Amino acid sequence: MLRLENISKAFGSLVVSNSVTLDVTAGQRHTIIGPNGAGKTTLINQIGGQLSPDSGKIFLHGQEITRLSAPLRARAGLARTFQKNTLFQALSVFENVRLGAQAAHGRTYDLFRSWRSDTGVLAQAEQAIEQMNLGRIAAQPVGKLSYGDLRQVEVAVALATSPTVLLLDEPTSGLSPSETAQMIDVLRALPREISILMIEHDMEVVFSIADHITVLYYGEVIASGAPRNVADDPRVQEVYLGAPQ
Amino acid sequence: MTSMILPPKQPAARRFVFVAMVLACVVLSPLAVLSGYGLDVITEIMIFAIVAVSLNLILGYGGMVSFGHAAFFGLGAYATVLISTRYDVSPWLGLAGGVGTATAAAIVIGAFCVRLGGVGFFMMSLAFAQLLNSGAIKWRPLTGGSDGVGGLLRPELFGFDLSDAGPMYLFTAAGLVGVLLFMRMVIASPFGHAMVGTRESSLRMDAIGYQTRRIRLAAFAVSGAIAGLGGALYAFYNGFVSPDALSFGMSGMILLMVILGGKGSLLGPVLGAGLFLSVKNIVSTHTSHWLLIVGCIFVACVMVCPDGILGFGKRLFRSGERR
Ligand SMILES: Nc1ncnc2c1ncn2[C@@H]1O[C@H](COP(=O)(O)OP(=O)(O)OP(=O)(O)O)[C@@H](O)[C@H]1O
Ligand SMILES: [Mg+2]
């Protein structure tokens with residue numbers, strides 16, 4: 001589905017991606033873990049098209065997308081969330097999600113029709129809202145939401161674009177334990193037609209969702225494989241978990 | 001499909017009749033009460049209201065602060081006068097040419113401006129307007145230089161001579177109402193919502209699949225076209241146009257009208273144009289320092305109601321409801 005080949009990126013002398021090669025197979029729940037500053041967000045930014053790599057190639061569904069702009073990648077089926085909130089502050093939750101659906105299914109350059117008239121877009125938006133259980137706050141402006149709700153809206157906007165590959169940048173960071181449990185439930189309930197590449201710090205979340213883990217350390221992949229194997233990897237235990245557990 | 005999430009629609013037919021009746025009263029009553037001069041004053045306000053509404057499209061909804069909107073207003077006016085007088089064709093063709101010229105210029109200028117955000121956009125739009133302004137001053141054979149060009153005679157419409165204040169007033173009112181209806185439609189369209197999304201976060205719009213530059217450019221072109229219509233009407237109104245129409249001061253005045261009245265609302269810019277020109281007309285008969293006084297009023301307004309008069313009114317209304 002998604003493949004990175006030898007992706008490298010440096011900010012000045014700081015190497016943030018060091019020849020990263022990574023495969024997200026169909027339906028996979030692939031999690032990237034790594035300490036702060038390991039280059040996880042930077043990697044997602046390169047996949048999403050917000051940053052371009054210095055070298056290496058990115059493929060989506062077998063097509064190279066390394067030089068494609070972010071919106072065209074999105075239309076090819078790639079969706080992402082952001083670690084930092086970049087939602088449409090002045091708009092309601094529904095409107096945020098609806099814009100996601102309109103991007104994929106709507107006629108954006110239509111000036112002569114009401115947004116209400118596009119029932120396909122509305123249905124798509126409502127489905128994403130239901131998937132994330134956001135019905136209760138759908139009419140509220142995003143600017144007034146709690147942090148936990150914002151994280152869920154993030155995912156709903158991405159889902160509304162009907163992606164085939166979903167990139168999640170720390171979907172549970174800053175959530176309370178009950179909100180985290182809720183997020184785990186909705187992510188687990190997502191259909192396998194969507195492949196997921198997720199950055200996550202919370203090991204409980206990682207082990208309850210992931211079927212594949214990649215460990216990033218100073219921009220380098222130091223381990224990649226099934227959760228059990230990665231957890232037992234001596235190098236991972238050494239550099240990431242600190243000490244054998 | 002019925003929805004639990006969407007707000008219910010208002011009963012459309014009854015509201016339409018109500019709005020149409022109010023509109024008819026508002027438009028027709030000045031004809032009964034006012035003299036020719038009074039109608040002229042209101043006609044001028046309505047022309048600038050059209051221009052302010054056009055700027056509001058990109059400023060209020062698209063988040064693009066243009067300090068060069070006089071470019072499209074002025075080009076519309078110049079093209080209308082020049083086409084009608086130099087080529088001896090109907091002023092109606094001149095009007096169409098004015099709108100067309102402004103639209104074409106907006107596409108070209110917009111292509112440069114929309115690449116930049118914030119201050120860059122502001123400076124670029126200003127630079128293009130200044131360029132056109134000095135072009136109009138320097139290119140004497142075409143534009144008449146700083147003296148401007150005139151000689152446009154208002155045409156007839158349905159047997160009414162637009163040279164009379166009444167018909168011209170009605171014609172302009174129809175233009176303003178048409179522009180407002182168009183704006184209302186655009187704001188509620190998928191495109192209008194994409195514009196607001198781009199204003200709120202172009203990073204996010206990009207990430208979900210919108211080509212934000214194109215959206216901004218399309219909005220800029222539509223805005224330029226409407227400003228061009230305002231310019232063409234101004235050419236009809238004055239019969240004459242000078243480089244002032246392309247000036248820094250004109251751009252600033254249009255911007256002030258929008259901010260004063262309330263950006264991001266349909267009627268805010270109309271109120272802003274009315275207030276600005278009324279104050280200008282009243283104050284400038286007493287002192288030549290009218291700009292200073294308008295400036296003070298502006299500063300006071302922005303301090304009291306940063307979201308414009310309309311926003312201020314809405315807040316008053318809401319706090320009144322709560323009590
Ligand atoms: N635009 C930039 N310019 C320069 N340095 C940057 C830039 N963006 C990120 N960095 C640096 O690159 C490194 C990797 O950052 P990145 O955000 O990818 O880390 P991360 O793994 O997502 O960390 P966290 O767990 O804190 O989110 C950090 O040291 C960061 O300071
Ligand atoms: Mg990060």
Side-chain angles (χ1 to χ4, degrees), chain A residues 48-50 69-82 85-104 106-119 121-123 125-126 129-130 134-135 138-139 142 154 157-158 160-161 163 167, chain B residues 1-10 12 57-58 60-63 115 178-179 181-223 225-226 263-265 307 311:
Chain A
Q50 283 74 34
S69 70
L72 293 181
R73 291 182 198 201
R75 286 191 199 183
L78 198 66
R80 67 163 296 177
T81 65
F82 289 86
N85 177 22
T86 57
L87 290 163
F88 310 119
Q89 292 296 312
L91 304 181
S92 71
V93 170
F94 181 77
E95 189 48 39
N96 268 265
V97 177
R98 204 198 64 81
L99 272 171
Q102 181 183 309
R107 282 179 296 237
T108 288
Y109 293 94
D110 192 340
L111 282 68
F112 302 99
R113 195 186 310 256
S114 163
W115 59 272
R116 290 170 184 277
S117 66
D118 206 333
T119 48
V121 168
L122 296 182
E126 295 197 358
I129 294 236
E130 269 158 35
L134 291 171
V142 157
E154 278 279 337
V157 172
T161 65
L167 312 172
Chain B
M1 186 195 65
T2 55
S3 163
M4 291 151 55
I5 294 169
L6 289 174
K9 269 189 175 174
Q10 285 154 308
L57 182 70
I58 56 168
Y61 296 95
R115 301 176 162 268
V179 164
L181 288 175
F182 176 75
M183 276 289 289
R184 211 183 89 114
M185 181 180 72
V186 171
I187 292 162
S189 73
F191 179 76
H193 283 224
M195 239 167 56
V196 171
T198 308
R199 175 192 79 195
E200 292 290 305
S201 169
S202 66
L203 175 67
R204 167 76 54 170
M205 287 294 277
D206 247 22
I208 58 182
Y210 291 95
Q211 290 170 302
T212 49
R213 253 187 217 169
R214 269 192 215 175
I215 292 172
R216 281 155 60 93
L217 180 58
F220 200 84
V222 172
S223 171
I226 300 174
K263 66 180 158 61
S265 64
D307 43 356

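What you see below is based on every heavy atom in this structure, not just the backbone, and it leaves out hydrogens, waters and symmetry mates. The model shown is predicted, which means the values in this text are computed figures rather than measured ones. A, B, ... follow the sequence lines: proteins, then strands. Residue 1 opens every chain.
The contact between A/Arg80 and chain B is made by backbone and side chain atoms together, counting heavy-atom distances below 4.5 Å. Contacts between B/Ile187 and chain A at a heavy-atom distance below 4.5 Å are absent for every atom of the residue. Contacts of A/Leu87 with chain B are made by both backbone and side-chain atoms, with heavy-atom separations under 4.5 Å. Both the backbone and the side chain of B/Arg214 come within contact range of chain A, judged by heavy atoms closer than 4.5 Å.
Between the CG atom of A/Leu111 and the OG atom of B/Ser189 there is a distance of 5.0 Å, given to the nearest 0.5 Å. To the nearest 0.5 angstrom, B/Phe191 atom CZ is 10.5 Å from A/Gln102 atom CD. Within the model, atoms OG of A/Ser114 and NE2 of B/His193 stand 7.0 Å from one another, a figure rounded to the nearest 0.5 Å. Taking OG1 of A/Thr108 as the start and CE of B/Met195 as the end, the distance is 12.5 Å to the nearest 0.5 Å. Atom CE of residue B/Met205 and atom CG of residue A/Leu99 lie 5.5 Å apart, to the nearest 0.5 angstrom. The CG atom of A/Leu78 sits 13.0 Å away from atom CD1 of B/Ile208, with the distance rounded to the nearest 0.5 Å.
Here the closest heavy-atom approach between residue A/Ala90 and residue B/Arg199 is recorded as CB-NH2, 4.0 Å. Nearest heavy atom pair, residue B/Ala207 against residue A/Ala74, reads O-CB, 3.3 Å.
Within the 4.5 Å cutoff, the side chain of A/Pro71 has heavy atoms near those of the B/Gln211 side chain. Side-chain contact between A/Phe88 and B/Ser201 is present, with heavy atoms from C-beta onward closer than 4.5 Å.
Chain B forms the most heavy-atom pairs under 4.5 Å with one residue out of A/Glu154, A/Gln50, A/Arg73, and that residue is A/Glu154. Each of A/Thr161, A/Asp110, A/Val93, A/Asp118 has some count of heavy-atom pairs under 4.5 Å with chain B, and the biggest count is that of A/Asp110.
Take B/Phe220 and apply the ring pair (Phe, Tyr, Trp, His ring centres under 6.0 Å) test, not counting sequence neighbours, and it matches B/Phe72, B/Phe121. A search for side-chain hydrogen bond (donor to acceptor under 3.5 Å, both in side chains) contacts involving A/Thr86 returns B/Arg204, not counting sequence neighbours.
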